[in-house]
Structures are given as C-alpha cells and as structure tokens.
Protein chains: 2
Amino acid sequence: MQEQTETSGEANPGLVSTAIQAITQHIRSQGLAPGDPLPSEAAMTRQLNVSRTVVREAFRSLSAMRLIDMSAGRRATVAKLDTGAMSMVIEHGVTTQQISVQQVYDVRRTIEMRTVALAALRRTDGEAEAIARSARLMRENYRSPEIVMEHDIAFHEAIAAASHNPVFSLIVTAFSGVTRSTWVIGWRTRSSEEDQLKMIQGHEDIADAILKGDPRLAAEHMAQHFDKSVKALIDAGIA
Amino acid sequence: MQEQTETSGEANPGLVSTAIQAITQHIRSQGLAPGDPLPSEAAMTRQLNVSRTVVREAFRSLSAMRLIDMSAGRRATVAKLDTGAMSMVIEHGVTTQQISVQQVYDVRRTIEMRTVALAALRRTDGEAEAIARSARLMRENYRSPEIVMEHDIAFHEAIAAASHNPVFSLIVTAFSGVTRSTWVIGWRTRSSEEDQLKMIQGHEDIADAILKGDPRLAAEHMAQHFDKSVKALIDAGIA
DNA sequence: AATAACAACCTGTCATACAGGTTTTGAGGG
DNA sequence: CCCTCAAAACCTGTATGACAGGTTGTTATT
C-alpha cells in the first residue's frame, strides 16, 4: 500500500528526518506553546503517508532531545525548555575526548562571570535567598563532599536562574553533568581543611555581592573562584 | 518470548531510555572515539533482551542528537562533535517563545567577546586569513543581503574556531540558525547604505585586531558590534 | 445529578518481512 | 601466491499487524 518515493520530488535524506522536520514545522506554524498537544502518531502517519515506524522514530527523537514530552496513552506535548540534549552533547564531547575539562571550565568562567553580574542586577529577594542558602548548606555540610558538591552545583544554577535569561540557565545546567564527574577531584586537591573552607568562603562572597547588588564585585569573586578551581584541577593533573 | 519487566528490578522509565543509556555507557566504557563502530542493532537487541524496535528508537534518538552517525548497511559510528542537537534546542526555545532574540544576543555577546579575545591570542595565520576573508566577502557583496549574512555567520564561526575551544564553536554555531531568521531584519533597519557599510567596517576592525593579536581591542570592537546589532533589532521592534 | 462501567483512542513494545546497501568470503584465473 | 570479482552474509530502512496497558470521553445506571 506504500509508494513513498514518488510523492515528494525532493532528495531523500531519510523519511525520519523528514518527519522530524514536519513535526517541528507543525509546532512553528501552529504557534504551539509548551504543554500544547501534538497530532497523534496515527494522524501524522496519514498526513505524511509513511509507516507508523517512521513517525514513531521521529517522535522518539524529539522526545530524546526533550523538545516534546511523551507518555503512554496521552498524546505528545510541546516541552518546556530543558537541558537534556545539551548536556548529552557536552558529555559526549568530554567522554570521547573531543572536549577537555579545562575547555569546559573556560566556557563556564566566561558565562558565569556574566550570569553573576546579571544576577546581582536582576535577582529577586527570593533568588538572592536561594543562592545564599546553597552557600550556607555547603558550609554546614563541608565534611560530606558529595553533599557540598550538590549544593555547589545548585548554587551556580541558582545564579544562572537569577540572571533571568533562560539561555544562560540552559548552558550552565548543561555543564552540571561534567562538573559532577570532576568536582571531587578538585575538592581532594584542596588538601587542607582550611583550603576547603576558603573555597566555601568564596561562594559566600559571591552570594553577598549578589545580595548587595554589586555586579562588579560579584564578577570579580566569580573570576577568582574559577581561577582557583582551574588551578586545583591542573594541580590534580587533569588535562 | 519476551519477559522484560522481570529482568531489571529498577524503575521503568521506558525501555528506550534504558537502551540509550546502555549505548552511551558502551561508548564510555569502551573508550570509543569518533569514527569507531558501535554494536549492530541485532547485537544490542540480544544484549538488552528487547525488541529491535526499542533498540532502533534508541539509535535513532542518538543519531538525531548527532552523537552517532547512521547510514544504511553500515553500522552506526561514534560521531564527531556537532551542533545539531544544540541548535534544535535553541530554535525550539525561540519558536515557542521561551527565549527572546534579545536574550540570545546577550549570550552571544558574552561568549563572542571571549572567543574574539582568544582568537586574537591563539589564531593561526590561516585562521586570521579566513576571518579576514569573510569580512572582505561581506564588503564585496554588500548589495546582496543573503550573501552578506552567510559571510557574517561564517565570520563569527571562524572566530570561534580560532579560539581553539570546541565548546565555544559549538555554542556559537548553535546560534547560527536563530541568526539566520532575524539577521535580515537588523540589516534592513540600518536604513542607509552608509550605516550598512559602517557595520561591515566593524567586522573589518575585528578582523584587524585579531590579525594584530590584540585581544583587548578585538573584544572592544566585538562589544561595539553587538551593541549596534542589538540596537538595530530593538529599533526594528524585536522583543 | 453523581457515579461507575464502557468504548474509543492512544502510546509502548514485539514479531515478521522484505528491499536495498556494505562487508566478508571464497572460488577461479593469472 | 596474489588478484579479481561475484556470491553470501550481514546490516540498516521501512512497512505491517498485533496486543498490552494507559487515558479520556460517553453512556447507562442509580
């Protein structure tokens, strides 16, 4: 019952790619917003005149990139912005050694010097509090590296959120995965307890500057924080 | 012949997600590099004890994110770093109005002020030449907006490449799609021919600073370039 | 009118089939 | 022994049909 190749006169880079484009195009042309439902697989199958297999692989691909949400029984919906795909790309680059950890840190430093300045300017009181709370929890748990790490990551993500630019949040969060796999090394390199507490103090300084609304100072503290972190990683022999 | 739910005692967020994890895990644990082949679908099917459908959707998802390359007859291979997934995420965010064009420009400005400084410090002669060439081609074709745009985009990507940090390249390139859909608006807003030529001059100034190896100057010109671009977009009423 | 059972629809997964690519193998000739 | 080339084995791309289980809307019963 199928005769796909004659329907479209264009090149054939695979039916699935075509289907993916059709779906994103649908989102675009219908002006769909997060939460809005997409056509069912059956409907898409009819519209594109391809098998359900193809349509399904297309939906699944978009779902893997977190552009749409899928769940059994329900139709797929447009997804809220999510870091899923980005972190996978970054992690893929790192694990296949196409990206070094240092390069990631350079990017983070560049971006977070900006997010912290924006946060100082635009943070709400609640956001300032959330940032300060993460710093506080780092100190309170400073004997449990794993816990410190999670609050450290939350700290940076909270700052990105306070920048009120979702693209920054997206990128910063995308790096969290890599951070998780290297953070402990940096922590151990700060051999003395004093060094570790100094690092936590650095976070508190940043939080203070944000609370005070001083972007210059906040950026400076952030820069120092990153310089020390990179130094710790280099000392630990991370290429 | 199937009895999947009893094999693993963990939660079931879908067999496909599990398969995706298994594949990425395979890349990690085997230390695969770009170009290295992955197991065939049949092999994966046996290893995970799921149907080929599931394995295929997993492969296809990774392929959509450009983490692996697939083509008919050949086994999938580990892919070189590619911007595919990232640009889709960004474009999704913009088309669903979760990200504004201005926010994208803020991020670009932040990142490109760094890439341009790094490029000034680390560019090879060939890279400096490529950057300068793009600027030259902008001037030579300044009556054809589409062509100017393509060289403009190539210009920024060439600078990112000259930063010798693939993460910057990745991010800058990811924004190119959005740039393509708004660039012309900014161009038209520069009503006079003089304004347009001044904008091209800005690119040449950047290229010169990179050639001279002056990161400070290069960053300054880049900042001015972005400030003017954003102003042009705002004048055009882009929120 | 509230509720409970049911029907219709939807996604998740499996099995099978076959059309074309690609790689491997092996047989035959030099 | 090596080269060549064709067949075999393997692989991905796509289609079809089937069924389990989740979700939603409808209808019948109370």
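Order of the sequence lines fixes the chain letters, A, B, ..., with proteins taken first and strands second; residue numbering starts at 1 for each chain. Everything numeric here is computed off the predicted structure, so don't read it as measured data. The figures here come from the full heavy-atom set of this structure, side chains too, leaving out hydrogens, waters and symmetry mates.
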Distances for protein N or O near nucleotides 5-12 of chain D N or O, under 3.5 Å:
from	atom 1	to	atom 2	distance (Å)
D:dT12	OP1	B:E41	N	3.4
D:dT12	OP2	B:E41	N	3.1
D:dT12	O4'	B:G73	N	3.2

(Q) Does anything in residues 21-28 of chain B come within less than 4.0 Å of DNA chain D? Heavy atoms only, and list the residues if so. (A) none

Residues in salt bridge (Lys or Arg N to Asp or Glu O under 4.0 Å) with [X], at least two apart?
X	value
B:R28	none
B:E129	B:R133, B:R136
B:R56	A:E57, B:E41
A:E112	A:R108

(Q) Could you work out, with ring pair (Phe, Tyr, Trp, His ring centres under 6.0 Å) as the rule, every residue matching A:H203, not counting sequence neighbours? (A) A:F155, A:H156, A:H225

Q) Quick one: B:I20 CD1 to C:dG12 P, roughly how many Å, whole number? A) 12 Å

**Q.** Nearest-Å distance for atom pair CG/P, residues A:L15 and D:dT16
**A.**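 Rounded to whole Å, this separation is 12 Å.
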
Q.
At less than 3.5 Å, do the side-chain atoms of A:T53 and the base atoms of D:dA15 form a donor-acceptor pair?
A.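 Answer yes: a donor N or O sits under 3.5 Å from an acceptor.
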
Q: Compare side-chain N and O positions of A:S51 against OP1 and OP2 of D:dA15 and report whether any pair is under 4.0 Å apart.
A: yes

Q | Sequence neighbours excluded - salt bridge (Lys or Arg N to Asp or Glu O under 4.0 Å) pairs with any residue from residues 82-95 of chain A | A |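 Residue pairs passing salt bridge (Lys or Arg N to Asp or Glu O under 4.0 Å), neighbours aside: A:R66-A:D82.
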
Q: Quick one: which residue pairs count as a salt bridge (Lys or Arg N to Asp or Glu O under 4.0 Å) with a foot in residues 148-168 of chain A, not counting sequence neighbours?
A: A:E150-A:R180

Q.
Could you measure the distance from the CE atom of B:M149 to the OG1 atom of B:T182? Nearest 0.5 Å is fine.
A.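 It comes to 9.0 Å.
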
